[in-house]
Protein chains: 2
Amino acid sequence: MLEKLKSILPFDDKQWNQYASYFKRIQVPAKKVLIQEGEISKKAFFIEKGCIRVWFNKDGKDVTFQFFFENERVSSVESFKKNIPSIVTLETIEPSTLWVIDKQDMDQIMRDGFEIPKVREKLIDTLFDRNIHYMKHCLSFIRDTPQQRYLHLLETQPQIIQRIPQHYIASYLGITTVHLSRVKSKLLKGK
Amino acid sequence: MLEKLKSILPFDDKQWNQYASYFKRIQVPAKKVLIQEGEISKKAFFIEKGCIRVWFNKDGKDVTFQFFFENERVSSVESFKKNIPSIVTLETIEPSTLWVIDKQDMDQIMRDGFEIPKVREKLIDTLFDRNIHYMKHCLSFIRDTPQQRYLHLLETQPQIIQRIPQHYIASYLGITTVHLSRVKSKLLKGK
DNA sequence: TGAATTTGATAACATATGTTATCGCTTGCC
DNA sequence: GGCAAGCGATAACATATGTTATCAAATTCA
């Protein structure tokens, strides 16, 4: 099951023997908070099964920022990297199977990884990709209407539409559940 | 004038002697397009004097995505890094003095830089910082009203309000010029 | 200097989106 | 089985924001 992790961090087998023990497999129920907003994150997660929602607080309401699924890594990046309080909460949506690693161990892996050209390339690529992803996400809020964002989601990440309760999707799109309903019904009626 | 660049890329003096010649100083007028949307970017810029606007096309209208000022580096990141067509246009707003470097040379510097722990740290930090910046920028579109975004801009980047024509600011905030006028006048009238 | 362009304010109206409330359908749980 | 909670649709109304048009001031440039 760490196969996917190996493709993300392409160390050789010898090194993986050392690192494998850093990761612990845990089972968590739905709606379990993994990292709380305001807390300094000391852990990172890799999802074997299930999904995780990243959200933040807006006047008492929770607003979804991102979803993560199988074979993805999740952490409160800025908190994890910089030892500052997290601006987001990480919470499971479904009962999930996760691999968890402590910051200390992860830092070790990162330090080692940046010494090895192949791993380094991969890590840098990942950072750039994340950058591009956030950039495009921003851009879609400036450029596209909620309806366009919904359609785009349908095309590019149908599993979100299928697996995630609609009120989470609505806040992810930056609108209310009521308006998402309207958008969907407008689309059904042939636009 | 490369002093600022040295703090961003903390090589030792010997190496800088080699790299300094990679950068060329150019003077460009206002409204000069540096990189065109759709074009594969082969250059990166460092601003000595002036400012640059990053924008993209929305149904024929231009929508501003970011502003850059003195001592900042600008490039079409994803295009520059991945050799793909740029999704944004880079254009000066004021007459500017820039330092320009070719992709090939920049790649060389990056390759060398990642071998040197001190420089590597700085580069990775920069990537994370950019990530956090985009994340927060996204977040402000989901969480805040245009008025809140305007006030936030006033607090954190007053030079944008002062130096940049209002219609660029409006599209940067994701609203029309008409609405920005409304927001400002509402704020003047004591909210 | 004077004409053309850019910039910003405002009004009137149109559309998009939020708010609150209600209803019915599902789901989980005792 | 039945109740409570969660979820999604819809309606009516309120507010925010966009669109188009007009005007005045500032700026640019020949």
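Here is how names work: the chains are called A, B, and so on, in the same order as the sequence lines, proteins then strands, and each is numbered from 1. Note that the structure is a prediction, hence the values are computed from the model and not measured.
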Asks: Measuring from the side chain of A/His167 (C-beta onward, heavy atoms only), which nucleotide among C/dG8, D/dC7, C/dA11 has the closest atom?
Replies: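 From the listed options, D/dC7 comes nearest.
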
Asks: Knowing that exactly one of A/Arg25, A/Lys4, A/Gln27 qualifies, which makes a side chain to side chain donor-acceptor pair (under 3.5 Å) with A/Glu48?
Replies: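 Considering A/Arg25, A/Lys4, A/Gln27, a side chain to side chain donor-acceptor pair (under 3.5 Å) with A/Glu48 is found only for A/Arg25.
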
Asks: Is it the case that atom NZ in B/Lys58 sees more than 12 heavy atoms from other parts of the structure closer than 6.0 Å?
Replies: yes

Asks: Select from A/Ile175 and B/Ser181 the residue whose nearest nucleotide in DNA chain C is closer to the 5' end of that strand.
Replies: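 Its nearest nucleotide lies further toward 5', so the answer is B/Ser181.
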
Asks: Can you check the B/Lys58 NZ to D/dG18 C1' distance for me, whole Å?
Replies: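 B/Lys58 atom NZ is separated from D/dG18 atom C1' by 10 Å.
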
Asks: Give a yes or no on whether the ring-centroid distance for B/Tyr172 and B/Phe65 is below 6.0 angstrom.
Replies: no

Asks: With a cut-off of under 6.0 Å to the ring centre and 45° to the axis, is B/Arg120 in cation-pi contact with A/Phe114?
Replies: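 No, cation not above the ring by the 6.0 Å, 45° rule.
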
Asks: Five pairs per end, C1' atoms only: what is the angle between the end axes of the helix from C/dT1-D/dA30 to C/dC30-D/dG1, to 10 degrees?
Replies: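 Its terminal axes enclose an angle near 50°.
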
Asks: Starting at CZ of A/Arg182 and ending at C1' of C/dT17, how long is that distance when rounded to a whole Å?
Replies: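 Rounding to the nearest Å, CZ of A/Arg182 and C1' of C/dT17 are 6 Å apart.
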
Asks: So which nucleotide from D/dG8, D/dG18, C/dT19 ends up closest to the side chain of A/Gln166?
Replies: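 Selected nucleotide (nearest to the side chain): D/dG8.
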
Asks: What is the distance from NE2 of B/His179 to C1' of D/dA16, rounded to the nearest Å?
Replies: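 One finds 6 Å between C1' of D/dA16 and NE2 of B/His179, rounded.
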
Asks: B/Arg149 CZ to D/dT17 P: how many Å, rounded?
Replies: 8 Å

Asks: Does a side-chain heavy-atom distance below 4.5 Å link B/Lys6 with B/Phe11?
Replies: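 They are not in contact (no side-chain heavy atoms under 4.5 Å apart), so the answer is no.
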
Asks: Where the side chain of B/Lys184 is defined as all heavy atoms beyond and including C-beta, which of D/dC7, C/dT17, C/dA9 is the nearest nucleotide?
Replies: C/dA9

Asks: Of all the choices, D/dT20, D/dA11, D/dG18, which nucleotide is nearest to the side chain of B/Val178 once you look at every atom?
Replies: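 My answer, after comparing the listed nucleotides, is D/dT20.
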
Asks: Answer yes or no: does a side-chain N or O of A/Thr176 lie under 4.0 Å from OP1 or OP2 of C/dG18?
Replies: yes

Asks: Atom CD of A/Gln147 and atom P of C/dT15: how far apart are they, to the nearest Å?
Replies: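 Atom-to-atom, A/Gln147 to C/dT15, this comes out as 15 Å.
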
Asks: Starting at atom CG of B/Leu173, determine the distance to atom C1' of D/dA16, rounded to an integer number of angstrom.
Replies: 15 Å

Asks: Can you tell me the distance, in whole Å, between the CG atom of A/Asp62 and the C1' atom of D/dG6?
Replies: 14 Å

Asks: Linking I/L/V/M/F/W/Y whenever their side-chain heavy atoms sit closer than 4.5 Å, directly or via other members, would A/Met135 and B/Trp55 fall into one cluster?
Replies: no

Asks: Find out whether B/Phe46 and B/Val74 are in side-chain contact, i.e. whether some heavy atom of one side chain is under 4.5 Å from a heavy atom of the other.
Replies: no

Asks: For A/Lys186 and C/dT15, what is the distance between atoms NZ and P respectively, to the nearest whole Å?
Replies: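 A/Lys186 atom NZ is separated from C/dT15 atom P by 11 Å.
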
